[in-house]
Amino acid sequence: MKIGRNDPCWCGSGKKYKSCHLAFDDKLESLKNRGMVIPTRKMIKTPEQIEGIREASKVNTDVLDFITPFVVEGVSTGELDRRIYEYTKSIDAIPACLGYMGYPKSVCISINDVVCHGIPSDDTILKDGDIVNIDCTTKYKGYYGDSSRMFMIGDVDPVWQKLVTDTKQALDIGVEVCKEPWVTIGDIGYAINTFATKQGYQVVREIGGHGVGLEIHEDPYVSHVGRPGTDCVLAPGMVFTIEPMINLGTHEVYQDADDGWTIYTDDGQPSAQWEYTLVMTDHGVEILAH
Ligand code: MF3
Ligand code: CO
Ligand code: CO
């Protein structure tokens, strides 16, 4: 269906098509003709939606800042979860993981060989030497922000410390790839996987980043392994996460058969993860939640 140049733009901005997304659509059309995978219109957020996601992402970042001083040896992950629940509610926001596809808690807390989706519990106590990921998604005024960070408890094995800092670097390398629009998701995955394997690590394949903003998980899937120039083009207006899970040993993982959530490394070696929510703009990516 062709929109007239003077018709309202499909994005909902209220502007005429010719002065809004016409040049954008032409650009995507030419990329598509060159064989590239292009985003659907649903993946392109309006300025108003981006503002909402920016606010939700600030709140999500604030929640992670809030919990940071409590992440110490001897605390249970159940207590951290309760604190996050209470704090999020107190600032008129919603812990988005709670009840998402039946997930039982407000946040994911993943320790050592838990790759992601660790379920907080009063029986899980942080101990000296642990590496811990806290992954938080917050809904605020109808929009979502999603980010995660690593914490090191006490005296951590230097090899594990390096895994944590290198995984942060892998995320930053992914961000650096997005310094201009029209790069592809394959470019991100290639850069991250190349860096990680050079350090002797392996990158998790089954779980990755995703579109985010109007829902907790949206298309596209953001793989952290990939080939340059392949997979979906990143156009201005797209909001997505990069959240590499990097393993000291094998990339193979399995899901806990009893709780249906917790993901472990196959070989019991540790895994680290960091996550940002990002928006692609005309001038490259901007970090919204961290
Ligand atoms: N925050 C997670 C992510 O980065 C979402 C976890 S979904 C849950 O995508 F249900 F496990 F909480
Ligand atoms: Co997350
Ligand atoms: Co995410």
Side-chain angles (χ1 to χ4, degrees), residues 71 73 75-78 80-81 97 101 103-105 107-121 123-136 146-174 185-186 188-210 217 221-227 241-276:
V71 187
E73 185 179 355
V75 76
S76 74
T77 59
L80 295 175
D81 177 79
C97 291
M101 291 175 73
Y103 187 75
K105 295 288 179 179
V107 63
C108 299
I109 306 183
S110 304
I111 305 171
N112 300 342
D113 66 324
V114 176
V115 174
C116 64
H117 303 165
I119 302 174
S121 159
D123 299 331
T124 305
I125 312 291
L126 300 189
K127 60 179 197 308
D128 185 58
D130 282 346
I131 60 170
V132 184
N133 174 273
I134 301 191
D135 187 349
C136 205
D146 179 8
S147 55
S148 84
R149 301 179 191 164
M150 293 299 293
F151 299 84
M152 297 195 253
I153 308 302
D155 199 9
V156 173
D157 181 317
V159 174
W160 293 30
Q161 284 185 35
K162 185 173 184 300
L163 174 68
V164 168
T165 53
D166 283 348
T167 301
K168 175 61 164 51
Q169 200 181 330
L171 169 57
D172 291 336
I173 286 167
I185 289 175
I188 298 174
Y190 179 75
I192 288 176
N193 189 47
T194 301
F195 168 75
T197 51
K198 213 172 263 175
Q199 312 299 318
Y201 308 130
Q202 294 192 20
V203 177
V204 172
R205 288 140 195 273
E206 290 84 350
I207 311 148
H210 49 89
H217 285 159
Y221 177 70
V222 178
S223 174
H224 302 107
V225 300
R227 281 176 298 120
T241 72
I242 303 179
E243 50 179 301
M245 282 144 274
I246 298 186
N247 297 352
L248 191 58
T250 178
H251 65 82
E252 300 283 356
V253 299
Y254 69 94
Q255 187 173 59
D256 189 302
D258 296 325
D259 70 27
W261 282 102
T262 315
I263 306 291
Y264 296 91
T265 60
D266 250 9
D267 59 7
Q269 294 213 67
S271 180
Q273 178 180 30
W274 295 79
E275 174 177 28
Y276 292 158

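Just so it is clear, the values below take in all heavy atoms, side chains as well, and ignore hydrogens, waters and symmetry mates.
Between Thr262 atom OG1 and Asp256 atom CG the span is 5.0 Å, to the nearest 0.5 Å. For the atom pair OG of Ser271 and CD of Gln202, the computed distance is 11.5 Å after rounding to the nearest 0.5 Å. The CD atom of Glu206 lies 9.5 Å from the CE atom of Met245; values are rounded to the nearest 0.5 Å. Interatomic distance, CG of Leu126 versus CD1 of Ile153, reported as 5.0 Å (0.5 Å rounding). One finds the CH2 atom of Trp274 at 8.5 Å from the CG atom of Asn133 (value rounded to the nearest 0.5 Å). Taking CG of Asp135 as the reference point, atom OG of Ser147 lies at 7.5 Å (rounded to 0.5 Å).
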Please step through side chain to side chain donor-acceptor pair (under 3.5 Å) for the pair Thr250 and Glu252, ending with a clear verdict. CA-CA 5 Å; Thr250 178; Glu252 300 283 356; 5.1 Å; no

Report the C-alpha separation of Gln169 and Gln199 in whole Å, then their side-chain angles, then the decisive distance to 0.1 Å, and conclude whether the side-chain contact (heavy atoms from CB on, under 4.5 Å) test is met. CA-CA 11 Å; Gln169 200 181 330; Gln199 312 299 318; over 6 Å; no

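Looking at Tyr254 and Asp266, their side chains come closer than 4.5 Å, going by heavy atoms from C-beta outward. Side-chain contact between Ile111 and Thr77 is present, with at least one heavy-atom pair separated by less than 4.5 Å. Looking only at side-chain heavy atoms (C-beta outward), Tyr276 and Ile242 stay at 4.5 Å or farther from each other. For the pair Leu248/Tyr201, a side-chain contact is recorded, criterion being any heavy-atom separation below 4.5 Å from C-beta on. Residues Ile246 and Asp166 form no side-chain contact, since every pair of their non-hydrogen atoms from C-beta on lies 4.5 Å or further apart. Side-chain contact check for Tyr221 versus Ile185: every heavy-atom pair is 4.5 Å or farther apart. Ile109 is listed as a side-chain neighbour of Val132, based on a closest heavy-atom distance under 4.5 Å. Counting only heavy atoms from C-beta outward, the side chains of Ser110 and Gln273 never approach each other to under 4.5 Å.
Side-chain contact check for Glu243 and His210: at least one donor-acceptor pair (N or O, by modelled atom type) lies under 3.5 Å.
Summarising the local packing, CZ of Phe195 is surrounded by more than 12 heavy atoms from other residues, nucleotides or ligands at distances under 6.0 Å.
Just one residue in the list Ile125, Thr124, Leu80 forms a side chain to side chain contact (heavy atoms under 4.5 Å, CB included) with Val75, and that residue is Leu80.
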